[in-house]
Protein chains: 2
Amino acid sequence: MFRGDIIRIVLLWGAVLAAGAFGLQWLEYQYLAMRFSFEIYVGIIAVAFALGGMWLGWRLASRPRGAFRRNDAAIASLGLTRQEMRALELIAAGQSNKEMARTLGVAPNTVKTHISNLFAKLEVARRTQAVIRARELELIP
Amino acid sequence: MFRGDIIRIVLLWGAVLAAGAFGLQWLEYQYLAMRFSFEIYVGIIAVAFALGGMWLGWRLASRPRGAFRRNDAAIASLGLTRQEMRALELIAAGQSNKEMARTLGVAPNTVKTHISNLFAKLEVARRTQAVIRARELELIP
DNA sequence: GAAACCATCACCCGAAAGGGTGAGAAGCGC
DNA sequence: GCGCTTCTCACCCTTTCGGGTGATGGTTTC
C-alpha cells in the first residue's frame with residue numbers, strides 16, 4: 001500500500017458516503033411526502049446501497065491488478081545498476097545478446113558483462129531463470 | 001466465461017438474494033414491533049446491503065484473477081502435442097535441456113527435437129521468446 | 001589523490017542452445 | 001495392411017550463452 005492508494009481510497013469512500021447520505025435524505029423526503037409506499041422506499045434503499053457496495057467492492061478489488069509497481073527496494077538491495085536493469089528488461093523481451101547490443105548502442109561484449117553481473121546478483125544461471133526470479137522480486141512486470 | 005462460472009454466479013446471487021430477503025423480513029418485523037426507530041431501521045438496511053454488495057462485487061472482481069485457464073483451443077489450432085506442451089512448461093520453469101531430459105525421462109536429443117518443433121509452431125527462435133508467446137496465447141500462466 | 005564503483009570492451013574457452021536431416025517404434029483410423 | 005501422427009533418438013554443424021580474466025576511462029566518495 002502506498003500513500004497515493006490510501007488517499008484515493010479515502011476520497012472514494014468520502015464521495016460514496018456523501019452521495020449515499022444525500023440520496024437517503026432525498027428518499028426520506030419522498031417517503032414523508034407519501035409519494036412512495038413503505039416497501040418501495042425500503043426496496044429502493046436496499047437496491048441502491050447494494051449496487052453502490054458492489055461498485056465499490058469491484059473497484060477496490062480491481063485496482064491492484066494491471067498496475068505494476070517496480071520493487072525499487074529490491075533493486076537497491078541487490079545492487080543492480082541501470083544497465084543491468086535494462087539488460088534484464090531486454091532479456092525478458094526475448095532479445096539475443098546481439099540484439100541487445102544494438103538496442104543499447106554498445107558492443108556485444110559489454111552486454112555479456114552486464115548479463116554476467118546480473119546473473120551473479122540474481123543468483124541464476126540462465127536467462128529464463130533470470131526472468132522468473134525478476135518476476136518474483138517484482139523487478140519487471 | 002465457462003459453465004462452471006455461470007452456475008456459481010447464479011448460486012451466489014440466489015444465496016445473497018435469499019439472505020437479503022430473509023434479513024429484510026426480520027428487520028421489518030423488528031420495526032413493526034417498534035423495537036427500532038425509523039432512522040435506525042433504514043440505516044441498518046443501508047449498511048447491510050452496502051456491505052453485501054461490496055462483498056459480492058469484491059468476489060466477482062477477484063475470482064477471475066489468479067485463476068489461469070489454459071487456452072486449449074489455441075493449443076489445438078497450433079497442433080501442439082503433449083510432449084511439446086510439457087517441454088514448454090519446463091522451459092518456462094527455467095530448466096535446461098539436460099534437466100528437462102531428466103524430468104521427462106527421455107534423452108536430451110529427444111528434448112531438443114520437441115523444442116525444435118515447438119519453436120517452429122510458435123514461430124519463435126529462442127526460449128525466452130517462446131515463453132512470451134506462450135503467455136500471450138495463454139498456453140501457460 | 002586514492003578507493004570504489006560503474007560502464008565499456010576484449011580475449012579465450014567450454015557449455016548450451018538451435019537448425020537440419022534421417023530413422024525406428026508405437027498407436028490410431030480407415 | 002497402409003497412411004498418419006506422435007514419440008523417440010542419433011549425428012553434424014553453427015550460433016548463442018555463460019564464466020573467467022583483464023584492461024581502460026569516467027564519477028563519486030572519502
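Residue numbering restarts at 1 for every chain, and letters A, B, ... go by the order of the sequence lines. The basis for the numbers below is simple: all heavy atoms, side chains too, and nothing from hydrogens, waters or symmetry mates. Note that the coordinates shown come from a computational prediction; the quantities given were computed from them, not determined experimentally.
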**Prompt:** Looking at side-chain heavy atoms only, is the closest gap between B/Phe119 and B/Ile91 below 4.5 Å?
**Reply:** yes
Touch class at under 4.0 angstrom, heavy-atom based, for [X] against every strand present:
{"X": "B/Lys98", "result": "sugar-phosphate"}
{"X": "B/Thr110", "result": "base"}
{"X": "A/Asn109", "result": "base"}

Give a yes/no answer on whether the side chain of [X] brings an N or O atom under 4.0 Å of OP1 or OP2 in [N].
{"X": "A/Gln83", "N": "C/dT8", "value": "yes"}
{"X": "A/Thr81", "N": "C/dA7", "value": "yes"}
{"X": "B/His114", "N": "D/dC7", "value": "no"}
{"X": "B/Asn97", "N": "C/dA16", "value": "no"}
{"X": "B/Arg127", "N": "C/dA17", "value": "yes"}

Atom-pair distance ([atom1] on [X]; [atom2] on [N]), nearest Å:
{"X": "B/Leu78", "N": "D/dT6", "atom1": "CG", "atom2": "P", "answer": "13 Å"}
{"X": "A/Arg126", "N": "D/dT16", "atom1": "CZ", "atom2": "C1'", "answer": "14 Å"}
{"X": "B/Glu123", "N": "C/dG18", "atom1": "CD", "atom2": "P", "answer": "17 Å"}
{"X": "A/Ile115", "N": "D/dG19", "atom1": "CD1", "atom2": "P", "answer": "10 Å"}
{"X": "B/Asn117", "N": "C/dG19", "atom1": "CG", "atom2": "P", "answer": "11 Å"}
{"X": "B/Met85", "N": "D/dT6", "atom1": "CE", "atom2": "C1'", "answer": "16 Å"}
{"X": "A/Gln95", "N": "D/dT15", "atom1": "CD", "atom2": "P", "answer": "20 Å"}
{"X": "A/Gln129", "N": "C/dA17", "atom1": "CD", "atom2": "C1'", "answer": "14 Å"}

For [X] and [Y], work out which heavy atoms get closest and say how close.
{"X": "A/Ile140", "Y": "A/Val131", "result": "CD1-O, 4.2 Å"}
{"X": "B/Ile115", "Y": "B/Arg127", "result": "CD1-NH2, 3.4 Å"}
{"X": "A/Gly94", "Y": "A/Glu99", "result": "O-OE1, 4.2 Å"}
{"X": "B/Ala101", "Y": "B/Ala107", "result": "CB-C, 3.9 Å"}

**Message:** Quick test of your reading of the model: are B/Glu89 and B/Arg86 salt-bridged, counting only N-O distances below 4.0 Å?
**Reply:** no
**Prompt:** Counting only non-hydrogen atoms, which of residues 100-108 of chain B are less than 4.0 Å from DNA chain D?
**Reply:** B/Val106, B/Ala107
**Donor/acceptor link under 3.5 angstrom from B/Thr113 side chain onto base of D/dC9** = yes
**Prompt:** Mapping B/Lys112 and B/Leu80 to their closest nucleotides on DNA chain D, which lands nearer the 5' end?
**Reply:** B/Leu80
**Prompt:** So among B/Leu137, B/Leu139, B/Asn117, B/Asp72, which one has a side chain to side chain contact (heavy atoms under 4.5 Å, CB included) with B/Leu80?
**Reply:** B/Leu139
